[in-house]
Amino acid sequence: AAPDLLVVAGGAGQTAEYPAKAGGSLRDFAVPVTVGADPVLPLSLTIGKWLLAGAGPGSQKVTWQAIASGTPAADCLSLGEKLAALAPRVALLAMGDGPGCRARGVPGAANPDADRYDSQVTAALAAADPGALAALDPGRDQELFVAGRAAWQVLAGAASAGAFTADLRYAAAPFEVSYYVATWMRAH
């Protein structure tokens, strides 16, 4: 899409912007992977940096934005609007995962609350519906072990001023944690 700016936004322990050269490591998760120098990035941004490294060198400017779990929806939406206004063409890579509560209990056990949350997120991502993402309840983050809500609401804020088409490429919970992959493109 050749954006002027790529913003990688992800859930974290605290809200912070990281320098372009900041790195991350997966050693704490028993994975011998380090990307970039000075591994200070939270997990969500580390995975984003790893994904971008695998995509080859890009010429666009990249901003790394962590959003604290528990950040109110209004603050996430406002941050998304600000990030979208940083350049004429901004691409946003929102990093986070859905309910992880299944991994905390009995693996494979049904969890109706997590299933309902998954359905809500899946429908919002599949329809490019920023209003539905904005409506996600921050109070559910801790209860359902959701790490992506704040980043999705930043996406909702960034996408609030336009119409988008969506392609939901993946929605499943292969390791008892929900993962989604979707692409939103500005409608012409």
Side-chain angles (χ1 to χ4, degrees), residues 3 5-72 75-76 79-80 83 86 90-109 111 113-114 117-118 121-122 125 133 136 138-155 158 168-183:
L5 174 66
L6 172 60
V7 176
V8 182
Q14 63 184 14
T15 298
E17 185 175 334
Y18 290 89
K21 293 188 182 202
S25 174
L26 299 177
R27 282 189 223 129
D28 289 347
F29 302 93
V31 179
V33 171
T34 300
V35 289
D38 188 24
V40 296
L41 295 174
L43 176 61
S44 61
L45 299 183
T46 297
I47 297 294
K49 191 148 198 158
W50 176 76
L51 288 170
L52 292 177
S59 59
Q60 74 274 350
K61 179 182 174 190
V62 181
T63 295
W64 301 91
Q65 180 66 57
I67 306 102
S69 298
T71 298
D75 293 348
C76 294
L79 177 59
L83 292 170
L86 290 176
V90 176
L92 176 66
L93 177 59
M95 300 296 300
D97 48 70
C101 56
R102 296 174 189 97
R104 307 273 187 224
V106 178
N111 185 314
D113 287 340
Y117 193 95
D118 279 339
V121 172
T122 299
L125 292 173
L133 291 179
L136 293 172
R140 305 297 310 268
D141 290 0
Q142 190 171 13
E143 172 191 348
L144 297 175
F145 297 95
V146 174
R149 190 266 322 155
W152 300 326
Q153 289 182 328
V154 168
L155 168 63
L168 180 65
R169 297 168 181 245
Y170 183 83
F175 303 106
E176 310 301 332
V177 176
S178 300
Y179 300 103
Y180 321 91
V181 178
T183 302

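Note that the numbering runs from 1 along the sequence shown for the chain. Heavy atoms only: backbone and side chains are in, while hydrogens, waters and symmetry mates are out.
The two atoms that bring Ala68 and Gly13 nearest to each other are CB-O, 3.9 Å, heavy atoms only. Nearest heavy atoms, Asp113 versus Leu144: CB-CD2, 3.9 Å. Shown here for Cys101 and Asn111, the closest heavy-atom pair between the two residues is SG-ND2, 3.3 Å. Closest approach of Tyr18 and Ala66 over heavy atoms only: CE1-CB, 3.8 Å. Closest of all the heavy-atom pairs between Ala151 and Ile67 is CA-CD1, 4.3 Å.
Applying the salt bridge (Lys or Arg N to Asp or Glu O under 4.0 Å) rule to Asp141 yields the partners Arg149; only residues at least two apart in sequence or on another chain are considered. In this structure, the ring-ring contact (aromatic ring centres under 6.0 Å, His included) partners of Tyr180, at least two apart in sequence or on a different chain, are Trp152. With sequence neighbours left out, the side-chain hydrogen bond (donor to acceptor under 3.5 Å, both in side chains) criterion links Glu143 to Arg140. Considering only residues two or more places apart in sequence or on other chains, Thr183 meets the side-chain hydrogen bond (donor to acceptor under 3.5 Å, both in side chains) condition with Arg169. By the salt bridge (Lys or Arg N to Asp or Glu O under 4.0 Å) test, Asp97 is found to be paired with no residue, residues two or more places apart in sequence or in another chain being considered.
Counting heavy atoms from C-beta on, the side chains of Leu125 and Leu133 come closer than 4.5 Å. With a 4.5 Å cut-off on side-chain heavy atoms, Pro99 and Val177 do not count as touching.
For Tyr179, the OH atom is densely surrounded, since the number of other residues' heavy atoms within 6.0 Å is greater than 12.
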Exercise for review: Evaluate the side chain to side chain contact (heavy atoms under 4.5 Å, CB included) criterion for residues Leu6 and Thr63: first the C-alpha distance (whole Å), next the side-chain angles of each, then the deciding distance (0.1 Å), finally the verdict.
Suggested key: CA-CA 6 Å; Leu6 172 60; Thr63 295; over 6 Å; no
Exercise for review: Apply side chain to side chain contact (heavy atoms under 4.5 Å, CB included) to Leu93 and Val7, showing your working.
Suggested key: CA-CA 6 Å; Leu93 177 59; Val7 176; over 6 Å; no
For residues 27-51, run the donor-acceptor check on the side chains, cut-off 3.5 Å, and write out each pair with its distance to 0.1 Å, sequence neighbours left out.
unit_1, atom_1, unit_2, atom_2, d
Arg27, NH2, Thr34, OG1, 2.9
Ser44, OG, Gly11, N, 3.4
Ser44, OG, Gly11, O, 2.7
Thr46, OG1, Leu41, O, 3.2
Thr46, OG1, Pro42, O, 3.0
Lys49, NZ, Ala20, O, 2.8
Lys49, NZ, Ala22, O, 2.5

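When atom types are taken as modelled, the side chain of Gln153 and the backbone of Leu136 share a donor-acceptor pair closer than 3.5 angstrom.
Only one option out of Leu92, Val154, Thr15 pairs with Gln65 in a side chain to side chain contact (heavy atoms under 4.5 Å, CB included); it is Thr15.
The structure places OG of Ser69 at 12.0 Å from CZ of Phe145, a figure rounded to the nearest 0.5 Å.
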